[in-house]
Protein chains: 2
Amino acid sequence: MSVKYSIGEFSKKTGLTIRTLHYYDEIGVLKPSFVTEKGRRFYSEQDLIILQKIVTLKFLGYSLEQIKEFLREDKWDIKESLTIQKQIMLEQKRQIEDVIKALDHALNVVEHHGNVDASIFMTLINGIQMEKEHKQFLKGILDEQKVEQIFSVSDERQREIEKESVGIMTELNELFGSEPDSQEVQSLINKLVDLMTELVGDWSFLEDLADIDVEGEEFIFPSPFTKEVEEWVLKGIEINMQKRGIKYDGSPKG
Amino acid sequence: MSVKYSIGEFSKKTGLTIRTLHYYDEIGVLKPSFVTEKGRRFYSEQDLIILQKIVTLKFLGYSLEQIKEFLREDKWDIKESLTIQKQIMLEQKRQIEDVIKALDHALNVVEHHGNVDASIFMTLINGIQMEKEHKQFLKGILDEQKVEQIFSVSDERQREIEKESVGIMTELNELFGSEPDSQEVQSLINKLVDLMTELVGDWSFLEDLADIDVEGEEFIFPSPFTKEVEEWVLKGIEINMQKRGIKYDGSPKG
DNA sequence: GCTTGCATCTTACGTTACGTTAGGTTTTAT
DNA sequence: ATAAAACCTAACGTAACGTAAGATGCAAGC
């Protein structure tokens, strides 16, 4: 037989570590075609071919357990298997793209503002993170057209809004303690409400939302402010809404 | 204090399992703000906010160990951290895209031919998998322009070539045993050589390659045939080359 | 006060694909 | 013969939990 390679040679030839070859032997995905009485492993040309398959299938994202089965019976439905695998990979890609988008927007803000308050930062990321689920969630409540309209703002504009919003929130944070109906605070809140309005169309759907019983699922919207600052800001928003002639009850639901 | 939630309630509110909360407590990333003498955990509103951060940072792909540090000192350089993270995610995305491309091409072939011989299949995937490294490798040997020219074939055409090649390889496999210089075999080999020539421009670079000492790194090109079939096919190629008036020595290098 | 039942606790092993010592044996080279 | 490589097995470590198993705790009904 052609038991050509010691494990060291085989390792160099394949680029896999000796430990990996030991492991493959152990779990039975590739046992060397010859083992001496004293336990030394020797691999053949045929083993090289099998390993080639293993490496290739690993590249496609299959687990060693799956690969083991594939090698056992070469009757596996390649087409179905590939299709499933592609679906899995596409899903992973989508997730990564979401993450990259969030990182991108976050960087956009950070590059403009320098280091930002952690809570505000988290709110920003969360908004992006939740966009899809949020959208899906709203589609179950409102009509689809409206939801699409709400989220119709361009990516570029969204970045703008994010930057400005973060700036305003930061300023609000710093103004905490002053009068909620002061000129300065009201001006900021005005801008913030305008920005949010641009982002979500109008806020009337919030009233629809209020009717829905979300059963402790308030975890969806984290606040960018501490408890006290939030109450203070809410007071400011209430005043602002009254000035605009819109009823808005910011008090917590009993 | 506001020790509002038992672990069960907290679990429902956050969507994380009790086990996960136990684990976060264990590794110190989130310890409940109150624990009874008998060990019962109770979480506060503040804990909710911290957990919100944890979940958000996890979404961005950070490890719990990193998150722990981030939470400890809120002086972390957000910008640098985000930039690094983005690079990591982009790299992951690239890798997944390579896999998807390979799966895609493979499916393209399988859908056209039905289940294909495993070895041929592996060769196909491997060609795609290795494309980048291969390209990089060749750039170290040949001039860049030539390398680019070699890989200039369109994606669509590449799929065509792959389908046809697989078909020919399959037929060759079935014809094994007949005379290498028969009309049928030579016709197939002719087509195969033509296809390969289209894919890689011309083969003259193979001669340049022969001068390079690759030191046991032949693992790069797996064969789509078994040992015997390969020898038989090589004989056919040799004959074909002679007919074309090109010297080609398919015999193994001593 | 007692039992039932649910909530919660700790302990600890399983998962994936190896990396990394540690300590002993075998083969090869001098 | 002896030293240096090469190789062996055994076993723990990794990340982020899932999944029992078995022991307590606690509120409610009898």
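Throughout, protein chains are lettered first and strands after them, A, B, ... in sequence-line order, and every chain is numbered starting at 1.
Residue B:Ser6 is the one, among B:Ser6 and A:Ser63, whose nearest nucleotide of DNA chain C lies closer to the 5' end (criterion: closest heavy atom). Taking for each of A:Thr20 and B:Lys38 the nucleotide of DNA chain C with the nearest heavy atom, the 5'-most of the two is the partner of B:Lys38.
In this structure, B:Lys12 atom NZ and C:dT8 atom C1' are separated by 13 Å, rounded to whole Å. Between the OH atom of A:Tyr23 and the P atom of C:dT20 there is a distance of 16 Å, rounded to whole Å. Rounded to whole Å, the distance from CD on B:Glu26 to P on C:dT10 is 10 Å. One interatomic measurement links the two molecules: CG of A:Leu64 to C1' of C:dT15, which rounds to 13 Å at whole-angstrom precision. Put simply, CG on B:Leu21 is 16 Å from P on C:dA7, counting in whole angstrom units. Atom CD of A:Gln66 is separated from atom C1' of C:dT16 by 12 Å (rounded to the nearest Å). Distance A:Asp25 CG to C:dC18 P: 14 Å, rounded to the nearest Å. When the P atom of C:dT11 is taken as reference, atom NE2 of B:His22 falls 12 Å away, rounded to whole Å.
The two residues A:Met89 and A:Gly61 make their nearest non-hydrogen contact at CE-CA, 3.8 Å. For the residue pair B:Lys13 and B:Leu48, the shortest heavy atom distance occurs at CE-CD2, 4.0 Å.
In A:Glu91, the CD atom is crowded: over 12 heavy atoms of neighbouring residues, nucleotides or ligands sit closer than 6.0 Å. Shown here is A:Glu26, whose CD atom has more than 12 heavy atoms of other residues, nucleotides or ligands within 6.0 Å.
Using a 4.0 Å heavy-atom distance criterion, A:Ile27 is classed as making no nucleic acid contact. B:Thr36 comes within 4.0 angstrom of no nucleic acid atom, judged by non-hydrogen atoms across all strands. Counting non-hydrogen atoms under 4.0 angstrom, B:Phe42 reaches nothing in the nucleic acid.
Salt-bridge annotation for A:Asp155 and A:Arg159: present, with a side-chain N of the basic residue lying under 4.0 Å from a carboxylate O of the acidic one.
Think of the region where chain A sits on DNA chain D: with heavy atoms and a 4.0 Å cut, that region ends 5' and 3' at D:dA6 to D:dA11.
Considering only heavy atoms from C-beta on, A:Val229 comes within 4.5 Å of A:Val233 through its side chain. In this structure the side chain of B:Glu162 reaches within 4.5 angstrom of the side chain of B:Ile128, judged on heavy atoms. With contacts defined as side-chain heavy-atom distances shorter than 4.5 Å, the pair B:Gln95/B:Gln92 does not qualify.
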Below 3.5 Å is the cut-off: list the nitrogen or oxygen pairs between protein and nucleotides 22-24 of chain C, distance only.
none

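Ring centers of B:Tyr43 and B:Tyr5: at least 6.0 Å apart, outside the cut-off.
Residue B:Arg19 has no polar side-chain atom (N or O) positioned under 4.0 Å from OP1 or OP2 of C:dG14.
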